[in-house]
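Read the structure below first, then the notes.
We count ligands from 1, going down the list as the structure has it; atoms in each ligand are counted the same way.
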Amino acid sequence: MATEAHRPHNADKTCWNCPAADIVTNVDFTACGQSRARGEEEGEMVIECRRRPELGSFEPSITFEECPEWQLTEYGYMLRDMKVMILGLDGYLGWTLALKLGELGCEVSGIDNYTRRDCVMEKGAHTVVPITRMTERLAVAEEQLGLSINFRRMDIRDLRNLREFMEEVRPEAIVHYAEIPSAPYSMVDAEHAIETQHNNTLGTLGLLWVMKDVVPESALIKLGTMGEYGAPLTGRPLFEGMFPSDAVLKWDNREWSMGGEITPRDPVSFYHCSKVQDTFNIYEACKYWWLRSYDIMQGVIYGVNTPQVSKDERLRTRFDIDEWFGTVVNRFVAQAILGIPLTVYGLGDQIRGFIALDDAMECMTRLISSPPEPGQYDVVNQVSGLHKVRDLAEVVAKVGKQFGYEVEIQRLENPRVEAEEHPFEVVSRALPNTFGFRPRIGLEEEITEIFKLLTRPHIVPRLGMKKHTVMPKTRWSGEKRDSDVLEVYEPGTKESEGYEGRLLSS
Ligand code: USQ
């Protein structure tokens with residue numbers, strides 16, 4: 001048992017949150033969002049524990065701290081040998097998380113249909129950090145980390161096979177990364193926009209139906225995006241999905257409480273729109289069927305390191321730098337090494353939320369180990385810092401200099417339609433306050449790690465081979481052409497002015 005001073009954030013959660021608890025009470029779902037127990041003693045919930053059947057039927061009151069199935073780890077209590085299914089296991093995040101959870105003792109399973117590999121290949125690019133075929137990745141994970149990952153090649157929209165796999169594994173948590181994650185890809189043409197929305201929105205919708213039928217007690221940890229919110233020009237804070245209880249709408253000399261209502265969304269591409277639709281579908285499924293979910297509004301991710309992927313070159317996760325699938329920090333480092341002036345779009349005063357790969361994995365672990373209760377839909381804003389794009393270019397240039405690269409910065413005519421100057425106030429309180437997360441990885445520190453990896457002799461030539469995929473050609477207007485160069489300048493020669501991002505994390 002933990003001492004009072006170091007009580008884990010989830011010590012007081014009970015069987016009510018535990019995926020091993022089967023509700024045996026007859027539940028009436030007809031009152032929209034206000035489901036209740038039906039039976040002799042109305043209102044009383046009774047469960048049976050799948051892991052401890054000897055307990056029979058009982059009220060869900062045993063705490064994680066009291067239950068022998070929940071064991072103390074550095075991330076709080078975790079369910080022993082927790083069965084976690086990762087949808088999108090072959091991706092940048094999916095593979096990294098599989099290794100981390102496996103090392104923590106989870107029974108990891110997962111699916112992937114290799115869409116990401118195919119889409120990057122379509123662009124004529126490749127992951128500059130080499131990764132092998134899945135069979136070899138799995139064999140190395142077993143050899144180096146002793147993990148046995150139960151993998152199935154499968155499209156998330158293949159409902160028959162997805163259902164069968166769910167029935168076989170009966171996961172206690174489901175991490176959903178199986179989406180096409182690129183804004184530019186979704187803006188190429190009608191086919192790419194449709195494929196993005198079809199894969200993402202219908203994939204998630206089908207998953208919800210399968211979960212309802214097979215594992216309604218499992219927690220869905222779903223990757224959304226900060227880009228669902230956009231960047232409201234009013235400066236309205238980006239709350240965590242819902243308005244807080246004391247928010248008020250005033251209009252026409254009247255006022256209403258907004259507490260608990262979903263906040264407005266203003267997505268910035270057809271890809272981001274697909275995530276907004278997911279939000280509503282998941283929210284409804286939690287209401288109709290008592291599914292439970294954390295919807296993660298993650299900022300732009302960057303980095304290469306976690307303790308697991310750095311253990312062996314064959315365990316590395318992918319790293320994309322092309323205009324479709326590379327994210328901005330990762331691309332800037334590649335550009336610095338390639339001698340391309342860093343491609344700041346437009347004014348470069350766009351502010352975004354960011355998080356390093358290792359920190360993001362820690363957030364996921366904490367969310368998985370602290371499941372929501374039946375019917376609970378919650379949103380967390382998963383960011384560790386806010387930065388302007390051109391300030392990021394400055395940091396990359398500074399670190400690049402330490403590696404011997406003289407870096408220039410170029411402002412390009414913005415291929416996207418997005419506000420280039422805007423206030424940005426992000427609330428990210430749930431992860432630190434409810435889940436005990438503290439960011440550990442600094443921006444400059446991780447950028448240094450990216451430089452270290454990308455300048456290795458076996459990677460530099462792989463960068464050079466794909467130099468032609470770096471410059472943006474996909475425009476939100478539908479045109480395919482290079483952006484005009486607006487300005488080229490030396491790092492350190494411009495004052496940062498205008499709005500500053502504000503992160504409210506306590
Ligand atoms: N940008 C540049 N130069 C570049 C690339 C990007 O100035 O070479 C700018 C973009 O205009 C944008 C910002 O950097 O303002 C971020 O762009 P990005 O390509 O790094 O990220 P984004 O398109 O927003 O999407 C990425 C992931 C996506 C995730 C999202 C989180 O690809 O899956 O949902 O980050 S967020 O941005 O918070 O919505």
Who passes salt bridge (charged side-chain N to carboxylate O under 4.0 Å, His left out) against R462, sequence neighbours left out? none

With a 4.0 Å cut-off on heavy atoms, is R390 in contact with ligand 1? no

For the pair T474 and E323, evaluate side-chain contact (heavy atoms from CB on, under 4.5 Å) and give the outcome as yes or no after the intermediate values. CA-CA 8 Å; T474 305; E323 67 142 332; 3.1 Å; yes

Would you call F325 a ligand 1 contact, heavy-atom distance under 4.0 Å? no

Determine, stepwise, if the pair N113 / D90 fulfils side-chain contact (heavy atoms from CB on, under 4.5 Å). CA-CA 8 Å; N113 64 348; D90 188 46; over 6 Å; no

Look at atom 14 (O) of ligand 1 and find which of V426, V389, D349 reaches it with the closest heavy atom. V389

Check whether more than 12 heavy atoms from other residues, nucleotides or ligands sit under 6.0 Å from atom NZ of K212, and answer yes or no. yes

Please determine if T327 has a nitrogen or oxygen closer than 3.5 Å to a nitrogen or oxygen of ligand 1. no

Pairs of nitrogen or oxygen atoms closer than 3.5 Å, one from Y271 and one from ligand 1: do any exist? yes

For residues 340-357, which side-chain N or O atoms pair as donor and acceptor with protein atoms under 3.5 Å away, sequence neighbours left out?
{"from": "T343", "atom 1": "OG1", "to": "Q335", "atom 2": "OE1", "distance (Å)": "3.4"}
{"from": "T343", "atom 1": "OG1", "to": "Q335", "atom 2": "NE2", "distance (Å)": "2.9"}
{"from": "Y345", "atom 1": "OH", "to": "R331", "atom 2": "NH2", "distance (Å)": "3.3"}
{"from": "D349", "atom 1": "OD1", "to": "R390", "atom 2": "NE", "distance (Å)": "2.7"}
{"from": "D349", "atom 1": "OD1", "to": "R390", "atom 2": "NH2", "distance (Å)": "3.1"}
{"from": "Q350", "atom 1": "OE1", "to": "G348", "atom 2": "N", "distance (Å)": "3.0"}
{"from": "Q350", "atom 1": "NE2", "to": "Y345", "atom 2": "O", "distance (Å)": "2.9"}
{"from": "Q350", "atom 1": "NE2", "to": "E418", "atom 2": "OE2", "distance (Å)": "2.9"}
{"from": "R352", "atom 1": "NH2", "to": "E418", "atom 2": "OE1", "distance (Å)": "2.9"}

Given 3.5 Å as the limit, does a donor-acceptor pair link the side chain of D112 with the main chain of L89, or not? yes

So, does M297 sit close enough to ligand 1 that a heavy atom of it is under 4.0 Å from the ligand? no

With no hydrogens and no angle check, just 3.5 Å: does a side-chain donor-acceptor pair link D158 and N161? yes

Closest candidate by heavy atom, reference atom 18 (P) of ligand 1, pool L223, D320, V328: V328

Looking only at protein heavy atoms, identify the closest one to atom 1 (N) of ligand 1 and say how far it is in Å. Y345 CD1, 3.5 Å

Heavy-atom distance to atom 23 (O) of ligand 1: which of K388, E420, E323, R416 wins? R416

